[in-house]
Novice: 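Have a look at this one.
Chain letters run A, B, ... following the sequence lines, proteins first and then strands; every chain starts at 1. Values below: all heavy atoms of this structure, side chains included; hydrogens, waters and symmetry mates excluded.
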Number of protein chains: 2
Amino acid sequence: MEDLLQKQGLKRTKLRMALLGYLFNSKHAQSYLDIKNALGEQVDKSTLYRNLGAFEEAGLIHRINDQSGMAKYAFGALHDHGNAHAHFVCESCETVYCIENANSSKINVPEGFKTKNVQTIIKGTCAAC
Amino acid sequence: MEDLLQKQGLKRTKLRMALLGYLFNSKHAQSYLDIKNALGEQVDKSTLYRNLGAFEEAGLIHRINDQSGMAKYAFGALHDHGNAHAHFVCESCETVYCIENANSSKINVPEGFKTKNVQTIIKGTCAAC
DNA sequence: AATGTAAATGCAACTAAGTTGCATTTACAA
DNA sequence: TTGTAAATGCAACTTAGTTGCATTTACATT
């Protein structure tokens, strides 16, 4: 687990271990505030944001922008790398679920357009609501 | 054209006519700044945002969140209402294109989940770049 | 184990998108 | 023409996220 950090050339600091572990164990995507509350009030804002950025760049996690104006983060080393990715946003409880096998394969882009990456946001109501 | 405003119970003010006309004539989605530059520096920030909100609520336009952290707006009375909608974001020129017929129909959500609305962001390179 | 150093942290100050409260003005119906 | 609810303009606010910089720490090298 923590080897992931070293493998990416990231030093294994206490915060990074806790952050990666927390996201790994989270069933859903977490916002900055969720994370801060989970890890303890004392964690520094910029350090946390910088680490989220570093993790994302390293491909350890991915960032989801569910139109709420607040990014959410999910562990993503195991997920598809850089290809199609779908997220379900519950309009009632605001939970963001990662949808694994959403065949959003057939997307027709106009002539001359090159698709690199597809992100789908599905809005609706989740099973819990 | 301006009848659209009346039809939605929105008063036909100068700014609203200009705003709706501008978005109608725009080939691509426009950010707040794009709009402000187009309509003139003197337009008021809150008035503009409030009108964008009102138009969106009335279904005249739709808002796109392309992960840039800055919403973009596109005329959308003619588009599909509330159903699947895809947008192509060019990573080079940042232009946001509305993709009309993207059959992202087959999306498998888990048991008990109810899909209401699907927004797809396709990232890549556009024909112009 | 001691040490050098690049990377990571903590803090405070900043940026910028978007919102809110309120007094004034305006579209439009009566 | 007039009454009024809606729209505007302004300033002040909120908040997610960033930046600059001095201090500290992980870890490789000797």
Side-chain angles (χ1 to χ4, degrees), chain A residues 1-23 29-58 60-74 89 94 96, chain B residues 1-22 29-58 60-73 89 94 96:
Chain A
M1 238 298 268
E2 297 103 28
D3 317 348
L4 288 173
L5 290 174
Q6 299 209 94
K7 234 174 233 172
Q8 302 294 335
L10 296 168
K11 291 185 180 165
R12 304 188 313 146
T13 68
K14 223 179 265 182
L15 177 68
R16 282 180 175 172
M17 315 266 270
L19 174 56
L20 192 59
Y22 175 65
L23 289 178
Q30 307 290 319
S31 70
Y32 159 74
L33 280 178
D34 296 332
I35 298 168
K36 174 166 185 151
N37 288 337
L39 299 190
E41 280 302 324
Q42 79 289 352
V43 310
D44 182 67
K45 189 162 57 153
S46 36
T47 303
L48 189 42
Y49 273 116
R50 277 193 275 237
N51 280 323
L52 287 168
F55 284 10
E56 195 196 2
E57 201 160 336
L60 295 174
I61 66 174
H62 58 105
R63 183 198 311 234
I64 305 150
N65 225 320
D66 62 352
Q67 338 269 85
S68 74
M70 214 162 113
K72 292 190 176 153
Y73 305 86
V89 183
E94 305 243 300
V96 175
Chain B
M1 235 300 267
E2 296 105 27
D3 317 347
L4 288 173
L5 289 175
Q6 300 209 94
K7 233 174 232 172
Q8 301 296 333
L10 296 169
K11 291 186 179 163
R12 303 189 315 145
T13 68
K14 222 180 265 184
L15 177 67
R16 281 179 175 172
M17 315 266 268
L19 174 56
L20 194 58
Y22 174 66
Q30 307 290 318
S31 71
Y32 159 74
L33 280 178
D34 295 333
I35 297 168
K36 175 168 185 149
N37 288 337
L39 300 189
E41 280 301 324
Q42 79 289 353
V43 311
D44 182 65
K45 189 161 55 153
S46 36
T47 303
L48 188 41
Y49 273 116
R50 277 192 275 236
N51 280 322
L52 288 168
F55 284 11
E56 196 197 0
E57 201 161 336
L60 294 174
I61 65 174
H62 59 104
R63 183 198 312 235
I64 306 150
N65 225 321
D66 62 352
Q67 337 271 83
S68 75
M70 213 162 114
K72 290 188 176 156
Y73 305 86
V89 182
E94 304 243 301
V96 174

Novice: Which whole-number value in Å describes the distance from Gln30(B) CD to dA17(C) P?
Specialist: 15 Å

Novice: How many Å lie between CG on Asn51(A) and P on dA26(D), as a whole number?
Specialist: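 In whole Å, dA26(D) P and Asn51(A) CG are 13 Å from each other.
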
Novice: Sort out the partner of dA22(D) for me: Watson-Crick or G-U wobble, both distances under 3.5 Å, none otherwise.
Specialist: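 Check on dA22(D): paired to dT9(C), both distances under 3.5 Å.
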
Novice: Separation of Ile64(A) atom CD1 from dA16(D) atom P, in whole Å?
Specialist: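 Whole-Å distance recorded here is 17 Å.
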
Novice: Looking only at the side chain of Asp44(A) (C-beta and beyond, no hydrogens), which of the listed nucleotides dG10(C), dC28(C), dT9(C) gets closest?
Specialist: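 Looking only at side-chain atoms, Asp44(A) lies closest to dG10(C).
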
Novice: Side chains of Lys72(B) and Gln30(B): does their closest heavy-atom pair fall under 4.5 Å?
Specialist: no

Novice: Examine the base of dG10(C) for any acceptor or donor lying under 3.5 Å from a partner atom in the side chain of Lys45(A), and report the outcome as yes or no.
Specialist: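 Not at all, since no donor on one side and acceptor on the other fall under 3.5 Å apart.
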
Novice: Whether Thr47(A) contacts dG10(C) is assessed here as follows: a side-chain N or O lying under 4.0 Å from the phosphate OP1 or OP2. Is that the case?
Specialist: yes

Novice: Please determine, for the side chain of Ser46(B), which listed nucleotide (dG17(D), dT19(C), dC28(C)) has the closest atom?
Specialist: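 Looking only at heavy atoms from C-beta outward on Ser46(B), the closest nucleotide is dT19(C).
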
Novice: dC11(C), dT19(C), dA7(C): which one has an atom nearest the side-chain heavy atoms of Tyr49(B)?
Specialist: dT19(C)

Novice: Choose from dA26(D), dG17(D), dA17(C) the nucleotide whose nearest atom is closest to any side-chain atom of Lys11(A).
Specialist: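 Among the listed nucleotides, the one closest to the side chain of Lys11(A) is dA26(D).
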
Novice: Ala71(A) near the nucleic acid: base, sugar-phosphate alone, or nothing, with a heavy-atom cut-off under 4.0 Å?
Specialist: sugar-phosphate

Novice: Report the distance from atom CZ of Arg16(B) to atom P of dA6(D), rounded to the nearest whole Å.
Specialist: 11 Å

Novice: If I take atom NZ in residue Lys36(A) and atom P in nucleotide dG17(D), what distance separates them, rounded to the nearest angstrom?
Specialist: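 Lys36(A) atom NZ is separated from dG17(D) atom P by 13 Å.
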
Novice: If I take atom CE in residue Met17(A) and atom C1' in nucleotide dC27(D), what distance separates them, rounded to the nearest angstrom?
Specialist: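 Nearest whole value for this atom pair: 13 Å.
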
Novice: Please evaluate the base of dG17(D) for a donor-acceptor partner in the side chain of Arg50(A) within a cut-off of under 3.5 Å?
Specialist: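 Check fails, no donor-acceptor contact within cut-off.
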
Novice: Rounded to the nearest Å, what distance is computed from the CG atom of residue Leu15(B) to the P atom of nucleotide dA6(D)?
Specialist: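 Rounded to whole Å, this separation is 19 Å.
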
Novice: Please give me the minimum heavy-atom distance between Asp34(B) and Tyr22(B), naming the atom from each residue.
Specialist: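 Looks like O-OH, 4.0 Å.
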
Novice: Going by heavy atoms in the side chains, are Leu52(A) and Leu23(A) under 4.5 Å from each other?
Specialist: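 They are in contact (side-chain heavy atoms under 4.5 Å apart), so the answer is yes.
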
Novice: Considering only heavy atoms from C-beta outward, does the side chain of Leu60(A) approach that of Leu10(A) to under 4.5 Å?
Specialist: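 Leu60(A) reaches Leu10(A) side chain to side chain.
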
Novice: Looking at Glu57(A), I want to see if its CD is surrounded by more than 12 non-hydrogen atoms of other residues, nucleotides or ligands under 6.0 Å.
Specialist: no

Novice: What is the separation between atom NZ on Lys14(B) and atom P on dT8(D), rounded to the nearest whole Å?
Specialist: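 Rounded to the whole Å, the gap is 12 Å.
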
Novice: Nearest heavy atom decides the nucleotide; on that basis, is Leu10(B) or Tyr73(B) closer to the 5' end of DNA chain C?
Specialist: Tyr73(B)

